[in-house]
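Down below is the structure, laid out as structure tokens.
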Amino acid sequence: MATLTLRDLRKSYGSTDVIKGINLDVSDREFVVFVGPSGCGKSTLLRMIAGLEDITSGELQIDGKRVNDVGPADRGLAMVFQSYALYPHMTVRQNMGFALRLARVSKAERDRKVDEAARILQLGPYLERRPKDLSGGQRQRVAIGRSIVRDPKVFLFDEPLSNLDAALRGQMRMELLRLHEDLNATMIYVTHDQVEAMTMADKIVVLQAGLVEQVGSPLELYHHPDNLFVAGFIGSPRMNLLPAQVVEATGSGVTVALASGAQVTAPTSASGARPGDTVTLGVRPEGLRIDPAGPVSGEVTLVERLGGLTLLHINAAGGQAMTVQIEGSDSTRPHEAVRLSINTAACHLFDKGGQALSRLARHPLAA
């Protein structure tokens, strides 16, 4: 059993508020990812949970017990940092078992726990090597193994993959997911990389300026963002966000006019939308397609060929920049004139304040 409860958690440095009242429940064995841009407070929040930062106000509970004043070593948590922080003069075995040695755990028990962690992390052949003889990914696994041997209630990860190259990051993402399944443990993971968040999380917490913007599953946030910030942050390539004006609001949706003059009817509630209102139309790159009869005209400015898919960057009529995701085999080239159609079922509308208008139907994958 390992649950966390955050109630109106706040952190201030003098007169500067960094964490501004966060409420969150983390369930037993859940993989939760804190994501947001640099400076949003995600690492500070993680350090508050770990006990490395004092809590200014609010309450933190672990398994229903208030731990605001409990020291880091007594919270039953283990933290993996961005830096591996391995002792260069020690072997892998000695690094992984060092905390147990300080706790005066017997050598036999230390070896048993280190061997088990090495089996889980596939580090068995490297136990007698020193950190300088390991790759970056192997060093990070040693750092994770150092946490596993402590049998923590909750694992905390603070951007652990940011020092790795792209190929190793992809490999380590899979290894962490396998580790989560093998250990059946509660994990909280901090990253600024929304791709990591989408591929790893059971639940994503999107943070901005010390506040929670939205909490939900990856697909829920992707298909049903609550506001413009989440819509623009979650998804790669990012959602197209196009200025528009409400033409008509009925029971079947809200019709808006784009700067190009094209009209689109989004499947959103008419409540809160009046003719003449300024809104933002959101549509994912895969919700656009090349269509000779499409209502939106434009010119291709850049083509990104990624193998299985291609991204077209288009300057649409009215000066709107748009990104279209199409099949990798498509032959469209830069400077071609194109027309686009829009999958209206995939459209979102956001009011002048950036809040999403309620959709008439939820996407089946996010239900």
Side-chain angles (χ1 to χ4, degrees), residues 37 166 193-199 206 218-247 253-268 278-350 354 356-357 359-366:
D193 185 339
Q194 57 87 27
V195 174
E196 285 184 15
M198 289 290 293
T199 55
V206 182
L219 289 179
E220 182 179 357
L221 268 60
Y222 188 83
H223 293 297
H224 301 281
D226 281 350
N227 53 50
L228 275 174
F229 177 79
V230 176
F233 192 83
I234 296 294
S236 180
R238 71 194 303 269
M239 180 184 286
N240 294 289
L241 299 172
L242 311 172
Q245 189 172 55
V246 175
V247 175
V254 176
T255 301
V256 300
L258 301 177
S260 63
Q263 294 192 1
V264 179
T265 300
T268 56
T278 298
V279 294
T280 300
L281 176 73
V283 58
R284 298 283 180 193
E286 65 269 24
L288 300 169
R289 66 185 181 91
I290 304 294
D291 181 356
V296 179
S297 62
E299 180 185 353
V300 178
T301 59
L302 179 67
V303 177
E304 292 184 87
R305 302 199 182 278
L306 304 176
L309 59 87
T310 292
L311 301 179
L312 303 180
H313 298 270
I314 293 173
N315 183 22
Q320 293 178 325
M322 305 174 76
T323 302
V324 182
Q325 180 176 308
I326 56 176
E327 288 293 325
S329 58
D330 187 272
S331 60
T332 303
R333 301 182 65 82
H335 308 301
E336 282 190 30
V338 295
R339 300 195 71 87
L340 305 174
S341 61
I342 300 174
N343 177 9
T344 56
C347 288
H348 306 258
L349 281 183
F350 303 90
L357 301 184
R359 288 173 61 84
L360 296 177
R362 296 184 67 80
H363 194 287
L365 291 177

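Along the sequence shown, the residues carry numbers beginning at 1.
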Going by atom type alone, with no hydrogens or angles, which donor-acceptor pairs under 3.5 Å involve a side-chain atom of residues 302-319 and a protein atom two or more places apart or on another chain?
{"residue": "E304", "atom": "OE2", "partner": "H313", "partner atom": "NE2", "Å": "2.5"}
{"residue": "R305", "atom": "NH1", "partner": "D330", "partner atom": "O", "Å": "2.8"}
{"residue": "R305", "atom": "NH2", "partner": "T332", "partner atom": "O", "Å": "2.6"}
{"residue": "T310", "atom": "OG1", "partner": "G328", "partner atom": "O", "Å": "3.3"}

Does any non-hydrogen side-chain atom of L340 lie less than 4.5 Å from one of I290? yes
Candidate pair F229 and V206, rule side-chain contact (heavy atoms from CB on, under 4.5 Å), full reasoning: CA-CA 9 Å; F229 177 79; V206 182; 3.6 Å; yes
Find out whether R339 and P292 are in side-chain contact, i.e. whether some heavy atom of one side chain is under 4.5 Å from a heavy atom of the other. no
Start with the C-alpha gap between L281 and L349, add the side-chain angles, then the distance that decides, and say whether side-chain contact (heavy atoms from CB on, under 4.5 Å) holds. CA-CA 5 Å; L281 176 73; L349 281 183; 3.8 Å; yes
Closest heavy-atom contact between L242 and A321? CD2-O, 4.0 Å
Is the shortest side-chain heavy-atom distance between P225 and F233 below 4.5 Å? no
Could you give the distance from CG (L360) to OG1 (T268), rounded to the nearest 0.5 Å? 6.5 Å
Validation row: R333, V300 side chains within 4.5 angstrom (heavy atoms): no
Results of side-chain hydrogen bond (donor to acceptor under 3.5 Å, both in side chains) for E286 - residues two or more places apart only: Y222
Set of residues satisfying salt bridge (charged side-chain N to carboxylate O under 4.0 Å, His left out) with respect to R289, sequence neighbours excluded: D291
Heavy atoms of A197 and P218 approach each other most closely as O-CG, 4.3 Å
How many angstroms lie between atom CE of M322 and atom CD1 of I342, to the nearest 0.5 angstrom? 5.0 Å
If we ignore hydrogens and angles and just use 3.5 Å, is the side chain of N240 paired with the main-chain N or O of T323 as donor and acceptor? yes
So, taking the atom named NE2 in H224 and the one named CG in L219, what distance separates them when rounded to the nearest 0.5 Å? 9.5 Å
Please round to the nearest 0.5 Å and tell me the distance separating atom CG of L228 and atom CE of M239. 9.0 Å
Minimum heavy-atom separation for G235 to R284, with atom names? CA-NH1, 3.8 Å
Sub-3.5 Å donor-acceptor pair from the side chain of Q263 to the main-chain atoms of A257, do we have one? no
With side chains defined as the heavy atoms from C-beta onward, is the minimum distance between V264 and C347 less than 4.5 Å? yes
Looking at G232 and L241, what are the two nearest heavy atoms and their distance? CA-CD1, 4.3 Å
